[in-house]
Amino acid sequence: AQGGVEVLLAAMRRYLADEDVQDCGCTALVYLTTGSAANRAAIAARGGVEVIDAAMRQAPTAASVQEQGDRARRHLIAAPPDIPPPRIHV
């Protein structure tokens, strides 16, 4: 996941004005930070919190960017290593 983290964060930085990229990026960060202390450490070390903050500032009225960004940020800043993975209903 380390190489993927770098690509994801680079895309979010490059396409900061694209709400869809930011929404998908923040959502991906939620999944990557769920239940993986190693992913959280890698994302934080590569400036993940700053990227999330930039996305949320850039899209203040985009509800999904705000929601997913907040979740990913909380996972990075205060999450214990045993966060259960989210349930997906289809």
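In this chain, residues are counted from 1 in sequence order. Everything numeric here is computed off the predicted structure, so don't read it as measured data.
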Hydrophobic clusters here meaning ILVMFWY residues chained together by side-chain heavy-atom distances under 4.5 Å, can you tell me if Met56 and Leu16 are in one?
no
Student check: side-chain heavy atoms of Cys26 and Met12 closer than 4.5 Å
yes
In this structure, would Val65 and Ile77 fall into the same cluster of hydrophobic residues linked by side-chain contacts under 4.5 Å?
no
Inter-residue atom distance Arg40.CZ - Leu32.CG, 0.5 Å rounding
11.5 Å
Same cluster or not: are Val21 and Ile52 linked, directly or through other Ile, Leu, Val, Met, Phe, Trp or Tyr residues, by side-chain heavy atoms under 4.5 angstrom apart?
no
If I take atom CD from residue Glu50 and atom CG from residue Leu76, how far apart are they, to the nearest 0.5 angstrom?
9.5 Å
Side chain to side chain, Leu9 and Leu29, heavy atoms closer than 4.5 Å:
yes
If you look at every heavy atom in Ala62 and Glu19, which pair is closest and at what distance?
CB-OE1, 3.5 Å
Would you check if Gln22 and Gln58 make a side-chain contact, meaning some heavy-atom pair closer than 4.5 Å?
no
Spell out, as yes or no, whether a donor-acceptor pair under 3.5 Å connects the side chain of Arg46 to the backbone of Ala42.
yes
Distance-only polar pair, side chains of Asn39 and Thr33, donor-acceptor under 3.5 Å
no
Look up atom CG in Asp53 and atom CZ in Arg73, then write down how far apart they are to the nearest 0.5 Å.
4.0 Å
